[in-house]
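In what follows, a structure is listed as structure tokens, so that the remarks can point back to it.
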There are 2 protein chains.
Amino acid sequence: MYTKKMERKRSDLIADALESLILDGTFADGERLDEQQLAQRFDVSRTPLREAFQRLTLSGLVEQIPRRGVFVRQPGPVELLQMFEVMAELEAVCARLAATRISDAALEEMHATNDRCKAAVEARETDVYYRENRRFHAILYHESGNAFLEQECLRLHKRLHPFRRMQLRLRGRLRQSMSEHEAILAALEDGDGTAAAEAVRNHVAVQGEKFHHLIASLKSAAE
Amino acid sequence: MYTKKMERKRSDLIADALESLILDGTFADGERLDEQQLAQRFDVSRTPLREAFQRLTLSGLVEQIPRRGVFVRQPGPVELLQMFEVMAELEAVCARLAATRISDAALEEMHATNDRCKAAVEARETDVYYRENRRFHAILYHESGNAFLEQECLRLHKRLHPFRRMQLRLRGRLRQSMSEHEAILAALEDGDGTAAAEAVRNHVAVQGEKFHHLIASLKSAAE
DNA sequence: GGTCAACCTTTTGTATACAAGAACTCTTTC
DNA sequence: GAAAGAGTTCTTGTATACAAAAGGTTGACC
């Protein structure tokens, strides 16, 4: 794994910036990203911008229509639910594989991470919560022993992050989430792959459901 | 779904061409792709080439090291096995979901496709075999009812295609594969998600194993 | 003779210039 | 008055020119 810090090029930095802007909702769905305008805004030429666009296209955040331009493509409720479903299944696979492969050190680390996570929930430190929660899942991915699976999970997890954020609004969800983490840990400690997979699938899938409810309530409130 | 034929730009065509060259093994692992040289070869400037490189980078076929260049990144045996493992799990999920959702028309289509596939095997028409086999799996993905899952499966399937090809060398593998397809169909017809998932997982996982054996035999033969 | 440093070459990254296609408008015709 | 078509303008796609950094080479010094 390359942890070596290599100077990143401007186009990569721009891609990250645009990604944040899109995920933050600064750009609405279907909105066209103007090359010239953004070039001025970032004080670069169109070249690095176009490179950034390509990265975003491959990430699925924008759609590039030849000779027309690039348009932001915010996933709708249906697509999001489908993405959560896939995330749940991928993580379930990780859990099943990890149940027999996980090291004691990693288990210990997951416990510690979850403790920090719980503390963050009580203290209402959302940033810490996110970091530790992410770490909890990242360890699970890694302990699957399948580096490719790990990468795919990290990719999707990152993509879903902004939408997971919405759950914060739901009362009591975080505390429930913590107990689900503990169920996962228990299954992993037992080396029970089936139980671990089921626990993880449930943990992630419920996020999709909660999200669904949230959308529904927002919609009815708007009408 | 966009089936609209839109004129593709040169950089896309070049990306496809390079992809084929890499997957065909024309470029060895670790080899550097020379921008100027390839620009001359394709009779374009460096600009579309660099765009193509980006696409390949995101597909995982090449690695781009800043200020150094792009290098082809052929997956090693370990990584390939991991990719097959993920493919097996993703397809298993498709099967589980499809078992309850699949339409009669789609089931019929899968039967027909499998029949054409079998005929192609007997007639040793490998091109037809590939097309029909691909179609068989594509229908399965689609009938999962999860468009995002479908896309991810198609992506990985495409990426693994050149390596699946190696199985042709294994005597009797194709006929076995056909009977596995029939087991999958039977489970789908029963609406038994668990059985369908198991059948699919086995069908794909065995490809990884076969591949593993093949690699081992090639290695020992080389020594 | 070996090692380190400066220079030179090669290659990547970015800017700008140019070409071609799409959209918009204004005009003309039915 | 509406619709169709030609011309203009704006935007994307590609080529070229320029800048900066990495690697190799040569020369000098220890």
Side-chain angles (χ1 to χ4, degrees), chain A residues 2-22 26-74, chain B residues 2-22 26-74:
Chain A
Y2 281 104
T3 48
K4 182 122 185 180
K5 95 169 168 194
M6 40 172 113
E7 260 176 70
R8 311 180 59 208
K9 27 185 196 173
R10 233 168 295 221
S11 59
D12 284 348
L13 298 174
I14 291 171
D16 287 348
L18 286 176
E19 189 177 308
S20 298
L21 287 173
I22 292 172
T26 306
F27 295 113
D29 185 37
E31 189 173 343
R32 175 171 149 270
L33 296 181
D34 189 287
E35 284 186 6
Q36 297 191 31
Q37 197 174 312
L38 290 169
Q40 282 190 353
R41 179 165 171 177
F42 288 109
D43 197 41
V44 292
S45 79
R46 283 174 50 219
T47 311
L49 258 177
R50 288 176 60 81
E51 295 205 352
F53 283 168
Q54 289 230 330
R55 263 189 49 183
L56 297 178
T57 301
L58 272 292
S59 307
L61 276 77
V62 303
E63 189 175 7
Q64 212 163 2
I65 302 179
R67 294 274 171 202
R68 296 287 306 273
V70 309
F71 302 84
V72 325
R73 198 177 152 292
Q74 298 282 15
Chain B
Y2 281 103
T3 48
K4 182 121 185 176
K5 92 166 172 199
M6 42 171 110
E7 260 176 73
R8 309 180 60 209
K9 27 183 196 174
R10 232 169 293 215
S11 57
D12 285 346
L13 298 174
I14 290 172
D16 286 349
L18 285 176
E19 188 177 309
S20 299
L21 288 173
I22 291 172
T26 306
F27 295 114
D29 185 38
E31 190 173 342
R32 176 172 147 270
L33 295 182
D34 190 287
E35 284 185 8
Q36 296 192 33
Q37 196 174 310
L38 289 170
Q40 282 191 353
R41 180 166 171 176
F42 288 108
D43 198 41
V44 293
S45 79
R46 284 174 49 220
T47 310
L49 258 175
R50 289 177 60 81
E51 294 205 352
F53 283 167
Q54 288 227 332
R55 263 189 49 181
L56 297 178
T57 300
L58 272 292
S59 307
L61 277 77
V62 303
E63 188 175 8
Q64 213 163 1
I65 302 180
R67 294 275 171 201
R68 295 288 305 272
V70 309
F71 301 84
V72 324
R73 201 176 151 294
Q74 298 282 15

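Remember, it's a predicted structure, so these values are computed and weren't measured experimentally. What's counted below: heavy atoms across the whole structure, side chains too, no hydrogens, waters or symmetry copies. Proteins come first, then strands; the chains are lettered A, B, ... in the order of their sequence lines, and each starts at number 1.
- Distance CZ (B:Arg55) to P (D:dG13): 13 Å, rounded to an integer number of Å.
- B:Ser45 contributes a side-chain N or O that, together with a main-chain N or O of B:Thr47, makes up a donor-acceptor pair within less than 3.5 Å.
- Here the nucleotide nearest the side chain of A:Arg68, chosen from C:dA22, D:dA22, D:dG13, is C:dA22.
- The distance from atom CD1 of B:Ile65 to atom P of C:dT12 is 12 Å, rounded to the nearest whole Å.
- Side-chain N or O atoms of A:Gln64 include none that pairs as donor or acceptor with a backbone N or O of A:Leu56 at under 3.5 Å.
- A straight line from CG of B:Leu49 to C1' of C:dG13 spans 15 Å, rounded to a whole angstrom.
- Under the 3.5 Å distance criterion, the side-chain polar atoms of A:Glu35 are left unmatched by any main-chain donor or acceptor of A:Val70.
- Look at CG on A:Asp12: it is 16 Å from P on C:dT12, rounded to the nearest Å.
- When the side-chain nitrogen and oxygen atoms of B:Ser45 are compared with OP1 and OP2 of D:dA15, one or more of them lie within a distance under 4.0 Å.
- When the nucleotides D:dT14, C:dT12, C:dT14 are ranked by their closest atom to the side chain of B:Arg67, C:dT12 comes out on top.
- With rounding to whole Å, B:Glu51 atom CD is found 13 Å from D:dT12 atom P.
- The nearest whole Å value for the distance from the CD atom in B:Glu63 to the P atom in C:dT12 is 15 Å.
- To the nearest 0.5 Å, atoms CG (A:Leu18) and CG (A:Leu13) are separated by 11.0 Å.
- Note: CZ (A:Phe53) to P (D:dT11) measures 13 Å, nearest angstrom.
- Between B:Glu19 and B:Ile22, every side-chain heavy-atom pair lies at or beyond the 4.5 Å cut-off.
- Contact annotation: A:Arg46 does not reach the phosphate of D:dT11 (side-chain N/O to OP1 or OP2, under 4.0 Å).
- A:Lys9 places its NZ atom 7 Å from the P atom of C:dT14, with the value rounded to the nearest Å.
- Put simply, A:Arg50 has a side-chain N or O that comes within less than 4.0 Å of OP1 or OP2 on D:dG13.
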Residues B:Leu58, B:Arg55; criterion side chain to side chain contact (heavy atoms under 4.5 Å, CB included); working and verdict: CA-CA 5 Å; B:Leu58 272 292; B:Arg55 263 189 49 181; over 6 Å; no
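- A:Ile65 has its side chain within reach of A:Phe71: a pair of non-hydrogen atoms, C-beta onward, lies under 4.5 Å apart.
- Within residues 32-43 of chain B, no residue places a heavy atom under 4.0 Å from DNA chain D.
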